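Comments concern the structure below.
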Number of protein chains: 2
Amino acid sequence: MRILIVGGVAGGMSAAARARRRDEDAEIVVFERGDHPSFANCGLPYYVSGEIEDEDSLLVQTPESLKSALDIDVRVRHEVIGLDPRERTVQVRHNGTTTVWNYDALILSPGAKALRPPLPGLDSSRVQTLRTVGDAARMRDEVESGATRAVVLGAGFIGLEAAEGLRMRGLRVDVVELASHVLPPLESELAAGVHDELRAMGVTVHAGIGATAIEHGDEADTVVLADGSRLDADIVVLSVGVRPDTEVFETAGVACDRGAIIVDEHGRTNLDRIWAVGDATVSTDAVTGLRRPVALAGPANRAGRLVADHILDPDRARAIPQPVGTAIVRVGRLTAAMTGANRAALDRSGIDYRTVHLHPGSHAGYFPGAEQIHLLMHIRSDDGLILGAQAVGADGVDKRIDVLATAIRTRLTGPDLIDLDLAYAPPFGSAKDPVNLAGMIAENVVNGSLELWYADQIDEPGHLLLDVRGADEQSEDPVPGALCIPHTQVRERLDEIRATAAGRPIRVLCASGMRSYLAYRVLRAAGLPSANLSGGLLTLRASQSA
Amino acid sequence: MRILIVGGVAGGMSAAARARRRDEDAEIVVFERGDHPSFANCGLPYYVSGEIEDEDSLLVQTPESLKSALDIDVRVRHEVIGLDPRERTVQVRHNGTTTVWNYDALILSPGAKALRPPLPGLDSSRVQTLRTVGDAARMRDEVESGATRAVVLGAGFIGLEAAEGLRMRGLRVDVVELASHVLPPLESELAAGVHDELRAMGVTVHAGIGATAIEHGDEADTVVLADGSRLDADIVVLSVGVRPDTEVFETAGVACDRGAIIVDEHGRTNLDRIWAVGDATVSTDAVTGLRRPVALAGPANRAGRLVADHILDPDRARAIPQPVGTAIVRVGRLTAAMTGANRAALDRSGIDYRTVHLHPGSHAGYFPGAEQIHLLMHIRSDDGLILGAQAVGADGVDKRIDVLATAIRTRLTGPDLIDLDLAYAPPFGSAKDPVNLAGMIAENVVNGSLELWYADQIDEPGHLLLDVRGADEQSEDPVPGALCIPHTQVRERLDEIRATAAGRPIRVLCASGMRSYLAYRVLRAAGLPSANLSGGLLTLRASQSA
């Protein structure tokens with residue numbers, strides 16, 4: 001049995017290693033176009049920043065280590081340039097020579113390549129991507145040999161990591177994002193905090209605007225934006241997205257959807273004895289059912305392992321699970337993370353949903369060092385099924401998103417979160433963990449005992465705005481047009497509220513949504529139609545600044 | 001409707017607050033024997049240590065704040081001394097006067113009190129518990145007025161937190177634990193690391209030994225241990241456990257099991273219109289089905305909330321979920337955490353299980369600051385259902401235990417963990433998260449492709465021990481009697497291994513169990529009966545030192 005694998009790194013190498021562990025006799029050959037069969041691609045920005053000091057740290061495995069530990073035949077700088085599915089052969093080019101290899105099983109793991117928009121001047125030598133060890137080494141060399149200005153095109157995960165790395169090295173950094181805010185998959189009310197953190201780091205953000213040209217200069221390039229502003233750059237980082245690197249295989253008959261290889265639940269393509277994994281494939285989203293490529297290391301590793309299982313033991317191999325799409329990024333002292341579907345995906349898929357917002361502490365408030373977590377969760381309107389969750393904060397964000405990712409995978413509803421027994425001691429959490437609290441709010445929404453209103457409804461006429469914060473807060477950050485009554489006085493001043501409302505529904509608000517919920521319960525018990533602002537003024541102000 | 005609640009803090013106050021949110025008209029009265037209706041009992045050790053500076057920080061709510069925000073009538077220093085279930089009344093003593101209160105619903109939340117073993121001299125004024133704000137204030141006063149020596153009796157969660165707090169204040173601290181190791185609920189192979197950390201902090205641990213007397217002196221007390229050793233102490237902390245504080249109610253006819261109130265899934269006692277919550281009740285463990293009191297804040301809060309729901313809306317109230325029993329403690333720079341059942345509980349309940357051990361990094365190894373997590377998971381032998389998990393490490397322990405607690409609550413199997421999409425970027429985790437890795441090992445165990453052997457089998461005769469670590473490691477920490485062949489040479493030296501084994505089964509080992517797994521696969525493919533050491537030498541050495 002000869003298994004050929006096109007492309008190393010996450011998906012390909014996971015398949016190779018698993019295949020060897022399951023079959024000592026198979027011949028396993030990996031063709032990797034680049035210089036390294038297995039490198040830490042997620043670590044590249046941290047090599048630029050200098051946090052990872054040695055280039056060698058990025059090389060997870062070498063052809064030698066893979067040979068000695070797993071008897072895998074890894075051939076770097078070997079590019080697969082042709083596929084003949086009927087003959088079961090691939091053509092492989094190395095050092096200008098092409099050889100033909102036959103296979104019993106072929107695993108395609110070609111990955112994705114940087115999207116290159118039709119931007120005049122993009123071919124400048126100062127324009128770089130950050131996808132290989134060579135890219136990172138070159139960028140670090142330039143930083144260390146005097147580059148002082150960088151422009152990052154695209155504020156997705158890699159763009160922000162690159163921006164932070166370059167800023168840490170002292171460069172002046174501008175980030176340009178066509179979407180209305182940085183980290184486009186993050187909801188705007190959470191992106192505002194990331195935006196503020198970037199500013200605090202000294203990174204200039206240009207959001208909602210595109211570059212129109214890159215002009216070449218002797219000393220530097222100039223990135224021209226749509227509003228005419230001009231940004232000088234010694235380094236231009238191109239990070240506007242990726243697309244599957246599949247032309248060779250699509251040409252040979254492998255069925256694709258907008259360039260991404262279509263696979264079944266075992267990773268099989270439309271062609272016999274050909275499987276595919278990783279960034280080059282299209283996945284069906286576990287929450288929305290929408291089909292899209294998922295460029296994440298975890299799902300790629302998992303698919304690689306399961307494809308090897310299916311090749312070697314097809315009757316017992318488990319199906320590749322649909323990805324939930326969990327992702328995380330450090331931005332300065334903040335962490336931003338998300339799991340499941342966001343608003344855009346839910347709107348596209350037509351699922352009816354509600355969103356709950358909260359701002360709990362990362363651990364017990366009475367223990368020093370607690371940091372506020374800004375957390376939101378989308379739940380299905382009819383039954384509260386958790387559809388997605390996102391969080392931004394300085395501490396404890398990764399933990400809560402991992403718990404919620406587990407909840408989404410196991411199809412928990414929001415109210416089910418109340419019942420999770422999460423680890424509590426003051427340095428780690430609260431007796432009611434943020435995840436439990438999200439569940440309590442969700443339960444109230446699902447069973448109808450809590451009606452929410454949202455930040456984008458602030459200007460709708462026909463309501464009484466009731467601000468139940470303390471007097472100090474009300475004067476410090478006033479809400480125009482709101483009736484101001486601290487939540488502890490709502491019971492005794494019900495008549496005043498009723499008179500002012502004059503039949504209008506009441507929209508209650510406080511800083512975070514907690515005190516206003518108590519007031520809301522009192523109003524509702526008194527028969528006054530009311531709703532509580534989801535996430536309070538914290539979310540409202542973030543929405544307005546995004 | 002008058003709802004009387006006996007005892008504030010977690011369960012009682014959660015019930016009170018929820019009742020008000022659901023019913024604006026109910027009369028809600030809380031009788032709290034102590035000085036504070038709602039204080040941070042889990043924070044007390046950190047007030048002793050000085051990490052929490054102000055005593056006021058410990059007071060989560062006051063009678064005044066509860067009155068103004070929730071219209072709850074809280075009466076502190078009111079002790080309930082009698083119950084007449086037929087008349088639906090309780091007798092309440094305050095300032096020497098007893099009054100009788102009738103109720104429509106009664107919620108018992110009396111909590112637990114310190115277990116006082118029959119130890120001569122235990123009545124010394126230098127012997128203290130750490131259960132109230134007053135206890136903590138007194139202990140801190142003594143520390144600040146010159147106490148230099150403390151003996152902590154009982155090395156459970158609170159005992160270790162108290163020991164650490166006192167040590168942080170510069171006291172010489174001895175910890176005495178009757179069980180064979182500190183943190184008795186933790187498995188011994190993990191407790192070894194906690195033990196080492198305590199030593200590194202300068203705390204002296206006496207494990208596997210009890211105190212036999214406390215002798216009173218003018219300058220200090222002396223704690224005498226069973227081996228005759230004598231420990232001087234300005235402060236003796238009594239933390240050997242708690243028992244439900246239920247005499248009054250049991251006497252009045254509330255059915256109890258070894259002092260703990262028996263409740264149904266809605267928190268109802270055997271008596272009409274009487275519910276009970278918190279540390280004073282007996283729970284059915286979600287994993288083992290064993291009945292036991294669970295003294296944890298999270299389950300108490302949840303039960304309080306659900307009891308209020310059941311009183312006010314019995315037809316729609318959800319059942320109180322059985323506790324999973326997740327707990328966590330900081331010890332120096334380490335975190336120790338556990339969820340679900342441990343070996344002792346599983347042995348008691350007769351469930352057949354296997355244990356997997358691993359030592360992954362808290363995040364990607366190539367990113368600075370990764371710390372090793374020592375993780376174990378118990379899975380049911382027949383189907384891999386996750387029964388329990390524990391971890392010790394300096395970073396990322398709380399996150400993994402919370403994910404595993406969620407997995408246990410949702411009844412995932414070990415192999416299901418492979419499919420969790422956990423958040424990965426180099427500062428936060430690995431593309432294969434420790435939880436995913438635990439799942440992969442579990443899958444191999446469940447499907448029979450991995451046979452494990454365990455540290456306690458090291459001395460069993462009739463096997464060939466095969467050490468596949470590198471030559472340097474082998475000479476640095478040799479394994480007596482083992483054949484030493486680095487894992488990369490196993491393929492080419494199969495004949496030598498076969499000859500040395502001479503028909504005996506082979507027990508493979510390396511440092512952590514990873515390389516030996518690769519070697520194990522090669523041996524097995526060659527037809528040699530083999531098994532891999534669970535957790536490798538790291539677990540073996542820890543088991544030996546525990």
Side-chain angles (χ1 to χ4, degrees), chain A residues 10 21 24 40 42-43 46 51-52 57-58 68-71 297-299 301-302 321 323-330 335 337 339 364 366-368 398-399 401-403 405-407 409-410 412 418-429 431-432 436 487-488 491 518 521-522 525-526, chain B residues 10 21 24 40 42-43 46 51-52 57-58 60 68-71 297-299 301-302 321 323-330 335 337 339 364 366-368 398-399 401-403 405-407 409-410 412 418-429 431-432 487-488 491 518 521-522 525-526:
Chain A
R21 291 196 301 270
E24 188 61 19
C42 301
Y46 306 99
E51 289 170 273
I52 297 174
S57 311
L58 297 171
S68 65
L70 288 161
D71 193 21
N301 283 328
R302 189 170 53 208
V324 166
T326 309
I328 192 165
V329 62
R330 184 194 72 184
T335 301
T339 183
Y366 57 79
F367 190 83
D398 56 335
K399 176 164 72 172
I401 290 299
D402 273 359
V403 169
T406 304
R409 170 64 80 205
T410 55
L412 294 193
I418 302 171
D419 293 350
L420 298 183
D421 281 346
L422 303 172
Y424 165 52
F428 304 102
K432 291 179 184 129
N436 300 133
H487 78 293
T488 51
R491 278 187 188 82
L518 298 181
R521 295 299 315 166
V522 174
Chain B
R21 292 196 301 270
E24 187 62 19
C42 300
Y46 306 99
E51 290 169 274
I52 297 174
S57 311
L58 297 171
V60 180
S68 65
L70 287 162
D71 193 21
N301 282 329
R302 188 170 53 210
V324 166
T326 309
I328 191 165
V329 61
R330 184 196 71 182
T335 301
T339 183
Y366 57 80
F367 190 83
D398 57 334
K399 175 164 71 171
I401 290 299
D402 273 0
V403 169
T406 304
R409 170 64 79 204
T410 55
L412 294 194
I418 302 171
D419 293 349
L420 298 182
D421 281 346
L422 302 172
Y424 165 53
F428 304 101
K432 290 177 184 132
H487 79 293
T488 52
R491 278 188 187 81
L518 298 181
R521 295 299 315 164
V522 175

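These numbers were taken from a predicted model, which means no experiment stands behind them. In what follows, chains are A, B, ... by sequence order, proteins preceding strands, each numbered from 1.
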What distance do [X] atom [atom1] and [Y] atom [atom2] have between them, rounded to the nearest 0.5 Å?
X: B/L422; Y: A/T339; atom1: CG; atom2: OG1; answer: 8.5 Å
X: A/D419; Y: B/R302; atom1: CG; atom2: CZ; answer: 5.5 Å
X: A/D402; Y: A/T326; atom1: CG; atom2: OG1; answer: 7.0 Å
X: A/D398; Y: B/F428; atom1: CG; atom2: CZ; answer: 6.0 Å

If you look at every heavy atom in [X] and [Y], which pair is closest and at what distance?
X: A/V403; Y: A/L420; result: CG1-CD1, 3.8 Å
X: A/Y366; Y: B/S57; result: CB-O, 3.2 Å
X: B/C42; Y: A/P426; result: O-CG, 3.2 Å
X: B/A337; Y: B/I328; result: CB-CG1, 3.6 Å
X: B/A10; Y: B/N301; result: O-OD1, 3.2 Å

Let's test your reading of the structure: which of [options] forms the most heavy-atom pairs below 4.5 Å with chain B?
options: A/P427, A/A526, A/A327; result: A/P427
options: A/A405, A/A425, A/A69; result: A/A69
options: A/G325, A/S68, A/A525; result: A/S68

Under 4.5 Å from any heavy atom of chain B, what part of [X] do you find: side chain, backbone, both or neither?
X: A/R21; result: both
X: A/V522; result: both
X: A/P323; result: both
X: A/Y46; result: side chain
X: A/L412; result: side chain
X: A/R491; result: side chain
X: A/A40; result: both
X: A/L518; result: side chain
X: A/D71; result: both
X: A/T406; result: both

Taking every heavy-atom pair that is under 4.5 Å apart, which of B/A297, B/A407, B/A431 has the most such pairs with chain A?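 Most heavy-atom pairs within the cutoff with chain A belong to B/A431.
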
Between B/P299, B/G43, B/G429, B/G298, which shows the greatest number of heavy-atom pairs under 4.5 Å with chain A?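 So the answer, after comparing B/P299, B/G43, B/G429, B/G298, is B/G43.
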
Please report the C-alpha distance between A/R409 and B/D421 in whole Å, then the side-chain angles of each, then the deciding distance to 0.1 Å, and finally whether the salt bridge (Lys or Arg N to Asp or Glu O under 4.0 Å) criterion is met. CA-CA 8 Å; A/R409 170 64 80 205; B/D421 281 346; 3.4 Å; yes

Measure distances from B/A364 to the heavy atoms of chain A and classify the residue's part below 4.5 Å as side chain, backbone, both or neither.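 No part of B/A364 comes within 4.5 Å of chain A.
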
